[in-house]
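The shown structure was predicted, so the numbers you read here are calculated from the model rather than taken from an experiment.
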Amino acid sequence: MMNEFHRYKECIELGSTPLSEVEVAAVIQSMLPEWAGRDYSLTKKNCCHYSTELAKRLKVAEVPAWVNKMARAGARLGLG
């Protein structure tokens with residue numbers, strides 16, 4: 001939340017992962033092939049989608065649905 005060019009709405013606590021540091025690193029490493037920058041899509045594969053998937057794999061609380069609400073609305077309209 002240190003980017004001076006972006007205004008953050010809020011910080012959402014998802015809890016602590018039961019995974020070790022080595023396991024967390026392995027999770028992130030395993031996600032690299034499926035989350036390449038060239039595959040970015042504002043409505044189908046954005047940073048919020050990534051965060052949701054990462055939270056699942058880290059076995060923490062779910063990212064609230066409202067976080068990616070705009071992307072879902074855009075996808076329904078056929079945008080992106």
Quiz item: side-chain contact (heavy atoms from CB on, under 4.5 Å) with E23: which residues, sequence neighbours excluded?
Solution: L19, S20
Self-check item: CG on N46 to CH2 on W35, rounded to 0.5 Å
Solution: 7.5 Å
Practice problem: First locate atom NZ of K45, then atom OH of Y50, and finally report the distance between them rounded to the nearest 0.5 Å. | Solution: 11.5 Å
Self-check item: Distance in Å, S51 OG paired with K56 NZ, rounded so as to fall on 0.5 Å steps
Solution: 12.0 Å
Quiz item: Going from OG1 on T17 to NZ on K59, what distance comes out if it is rounded to the nearest 0.5 angstrom?
Solution: 7.5 Å
Practice problem: Mark yes when over 12 heavy atoms from residues, nucleotides or ligands other than M31 sit less than 6.0 Å from its CE; otherwise mark no. | Solution: yes
Quiz prompt | R72 (side chain) donor-acceptor with A65 (main chain) under 3.5 angstrom | solution = yes
Quiz item: Considering all heavy atoms of both residues, which atom of A61 and which atom of A55 are nearest to each other, and what is their separation?
Solution: O-CB, 3.7 Å
Quiz item: Does T52 reach the side chain of N68, with side-chain heavy atoms less than 4.5 Å apart?
Solution: no
Quiz item: Under the side chain to side chain contact (heavy atoms under 4.5 Å, CB included) criterion, do L77 and T43 qualify, and how do the steps go?
Solution: CA-CA 10 Å; L77 295 172; T43 59; over 6 Å; no
Self-check item: pair Q29-L32: side-chain heavy atoms closer than 4.5 Å
Solution: yes
Quiz prompt | Linked, directly or transitively: V63 and M70 (ILVMFWY side chains, under 4.5 Å) | solution = no
Exercise. First locate atom CD of E53, then atom CG of L58, and finally report the distance between them rounded to the nearest 0.5 Å.
Key: 10.0 Å
Quiz item: Is atom CD of E62 surrounded by more than 12 heavy atoms (other residues, nucleotides or ligands) closer than 6.0 Å?
Solution: no
Self-check item: Shortest non-hydrogen separation from S30 to R57 and the atoms involved
Solution: OG-NH1, 3.5 Å
Practice problem: Could I get the full list of side-chain contact (heavy atoms from CB on, under 4.5 Å) partners for I12, not counting sequence neighbours? | Solution: E10, L14, P64, W66, V67
